[in-house]
**Student:** 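Here it is, the structure, as structure tokens.
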Protein chains: 2
Amino acid sequence: MEILDIADVARRSGIPASTLRFYEELGLIASIGRRGLRRIYAPDVLLQLGLIALGRSAGFSLEEIKGMFGPDGQPALSRAQWQAKAEELDAHIRQLVKLRDVIHHVADCPAPRHLECEQFQQLISAAIASRRQDTGPISVTASSSRAGMRKPRNRSK
Amino acid sequence: MEILDIADVARRSGIPASTLRFYEELGLIASIGRRGLRRIYAPDVLLQLGLIALGRSAGFSLEEIKGMFGPDGQPALSRAQWQAKAEELDAHIRQLVKLRDVIHHVADCPAPRHLECEQFQQLISAAIASRRQDTGPISVTASSSRAGMRKPRNRSK
DNA sequence: GGTTGACCTCAAGTTGACTTGAAGTTGTAG
DNA sequence: CTACAACTTCAAGTCAACTTGAGGTCAACC
């Protein structure tokens with residue numbers, strides 16, 4: 001069974017060693033042991049890191065990701081919670097698709113002032129609207145991150 | 001012509017007044033004047049704020065957004081640059097769709113250890129792969145944000 | 001068996017995106 | 001005309017996600 005040291009993991013994942021230690025400290029990943037002082041890793045960790053990067057790019061915080069997968073990389077949510085996450089992500093994707101439409105419009109529309117262009121206004125309104133009713137039962141774990149005209153008094157802690 | 005004070009804008013956009021001042025300081029938005037000391041806004045600003053929220057949720061930094069639209073809300077990129085942005089966003093969306101597939105899989109797959117599930121591994125590899133060749137000619141403005149196994153030595157500034 | 005370069009820890013620093021607080025000003029309701 | 005709630009500025013604080021640095025250890029090659 002192949003094992004990796006921190007430099008291998010860094011090289012193969014593209015993530016700096018300092019970040020790997022940081023992630024371990026947070027409990028996001030774990031080394032399978034030490035050789036002397038030095039961490040050694042199972043190749044699995046590369047998959048986990050991929051998952052973390054993916055989650056980050058979807059706007060999940062490290063805390064959220066930690067809640068979804070334990071340091072062993074095992075899913076740690078109920079089926080319903082996973083379904084809710086998928087739903088959340090879907091909503092996010094729909095929003096990004098709308099933004100992409102806006103961008104395409106901007107790239108093509110010759111209007112002098114976009115804010116006065118009917119179509120532009122409608123695209124934005126639609127995009128905003130799709131975010132508007134996020135006062136729903138979704139957001140299982142109070143996903144504190146992921147921007148977007150959040151409600152005032154967002155209270156944390 | 002309807003005008004708004006900062007409290008109106010805050011209420012109607014859901015963005016706190018402190019953030020509106022902060023955005024103005026950064027040059028992301030502008031008030032159309034003052035009544036005494038107090039800022040007054042054109043209703044346009046609501047669209048702009050929607051756009052900003054949208055951009056943030058797509059992972060663009062405030063700096064990037066500022067580069068895309070001036071404080072007047074006018075698009076400030078060439079057609080080609082807009083097209084590149086759309087492309088960038090599309091790639092991001094494709095990645096999120098892959099992540100959603102992973103999540104759906106996790107919600108459904110009964111494997112005891114997911115890291116050992118063939119399909120899971122493949123989904124992640126695919127998702128990672130789609131991000132892998134981001135050493136392309138895209139990323140016009142060196143989009144420093146938006147996570148994902150970034151290359152080491154990402155040097156900014 | 002000594003050197004050395006890659007690892008280690010732990011504390012402090014940085015950046016982006018805001019928020020909070022203190023202290024001052026003012027439009028407007030009474 | 002007076003109160004005062006709502007605005008203002010400006011400095012400092014916070015939080016997440018890392019990075020950097022100082023000082024120490026040690027596995028592996030010569």
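Numbers restart at 1 for each chain; the letters A, B, ... are given by sequence-line order, proteins then strands.
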**Student:** Got a donor-acceptor contact below 3.5 angstrom from the His92(A) side chain to the Ser57(B) backbone?
**Tutor:**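 Yes, His92(A) side chain to Ser57(B) backbone: donor-acceptor pair under 3.5 Å.
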**Student:** Could you state the atom-to-atom distance from CD of Glu24(A) to C1' of dC18(D) in whole Å?
**Tutor:**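 After rounding, the reported distance stands at 16 Å.
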**Student:** Can you tell me the distance, in whole Å, between the CZ atom of Arg39(A) and the P atom of dC26(D)?
**Tutor:**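 To the nearest whole Å, that distance equals 14 Å.
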**Student:** Nearest to the side chain of Ser18(B), which nucleotide is it out of dT19(D), dA17(D), dT20(C)?
**Tutor:**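 Of all the options, the side chain of Ser18(B) is nearest to dT20(C).
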**Student:** Counting any heavy atom closer than 4.0 Å, what does Leu26(B) reach on the DNA or RNA strands: base, sugar-phosphate only, or nothing?
**Tutor:**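 Touches nothing.
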**Student:** Distance-only, no hydrogens or angles: does the Arg35(B) side chain make a donor-acceptor pair with backbone N or O of Arg38(B) under 3.5 Å?
**Tutor:** no
**Student:** If you count every heavy atom of other residues, nucleotides or ligands that lies below 6.0 Å from Glu63(B) atom CD, does the total exceed 12?
**Tutor:**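 Open: at most 12 neighbouring heavy atoms sit under 6.0 Å from CD of Glu63(B).
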**Student:** Nearest whole angstrom, please: distance from the C1' of dA17(D) to the CD1 of Ile65(A).
**Tutor:** 11 Å
**Student:** Heavy atoms from C-beta onward define the side chain here; which of dC18(C), dT9(C), dA17(D) lies closest to that of Thr19(B)?
**Tutor:**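 Looking only at heavy atoms from C-beta outward on Thr19(B), the closest nucleotide is dC18(C).
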**Student:** Answer yes or no: does a side-chain N or O of Tyr23(A) lie under 4.0 Å from OP1 or OP2 of dC18(D)?
**Tutor:** yes
**Student:** Side chain of Ala7(B) only, please: which of dC7(D), dC7(C), dC18(D) is the nearest?
**Tutor:**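 So the nucleotide nearest the side chain must be dC7(D).
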**Student:** Determine whether a donor-acceptor pair (N or O, by modelled atom type, separation under 3.5 Å) exists between the side chain of Lys66(B) and the backbone of Leu26(B).
**Tutor:** yes
**Student:** Would you confirm whether Gln74(A), through its side chain, and Pro112(B), through its main-chain N or O, come within 3.5 Å as a donor-acceptor pair?
**Tutor:** yes
**Student:** Do Arg39(A) and Val9(A) have side-chain heavy atoms sitting under 4.5 Å apart?
**Tutor:** no
**Student:** What is the distance from CD1 of Ile40(A) to P of dC8(C), rounded to the nearest Å?
**Tutor:**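 It works out to 11 Å between those atoms.
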**Student:** Given the rule in the side chain to side chain contact (heavy atoms under 4.5 Å, CB included) test, do Phe69(B) and His114(A) qualify, once you have shown the distances and angles that lead to the verdict?
**Tutor:** CA-CA 10 Å; Phe69(B) 307 89; His114(A) 268 81; over 6 Å; no
**Student:** Checking contacts here: which listed nucleotide (dT19(C), dC7(D), dC18(D)) is nearest the side-chain heavy atoms of Phe22(A)?
**Tutor:** dC18(D)
**Student:** When the distance from CD of Glu63(A) to P of dA16(D) is rounded to whole Å, what number comes out?
**Tutor:**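 Going from CD in Glu63(A) over to P in dA16(D) covers 8 Å.
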**Student:** Between dA17(C) atom P and Leu28(B) atom CG, what is the distance in whole Å?
**Tutor:** 9 Å
**Student:** Can you tabulate the close N/O pairs, meaning under 3.5 Å, that link protein atoms to atoms of nucleotides 21-30 of chain C?
**Tutor:**
| unit_1 | atom_1 | unit_2 | atom_2 | d |
| --- | --- | --- | --- | --- |
| dT26(C) | O2 | Arg38(B) | NH2 | 3.1 |

**Student:** Kindly point out which of dA17(C), dT20(C), dT9(C) is positioned nearest to the side chain of Arg56(B)?
**Tutor:** dA17(C)
**Student:** Given atom CG of Leu62(B) and atom P of dT15(C), what is their separation to the nearest angstrom?
**Tutor:**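 Atom CG in Leu62(B) sits about 16 Å away from atom P in dT15(C).
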**Student:** Mind checking if Arg21(B) touches a base, just sugar-phosphate, or nothing, with heavy atoms under 4.0 Å?
**Tutor:** base
**Student:** Over how many whole Å does the gap from Phe60(B) atom CZ to dG16(C) atom C1' extend?
**Tutor:** 17 Å
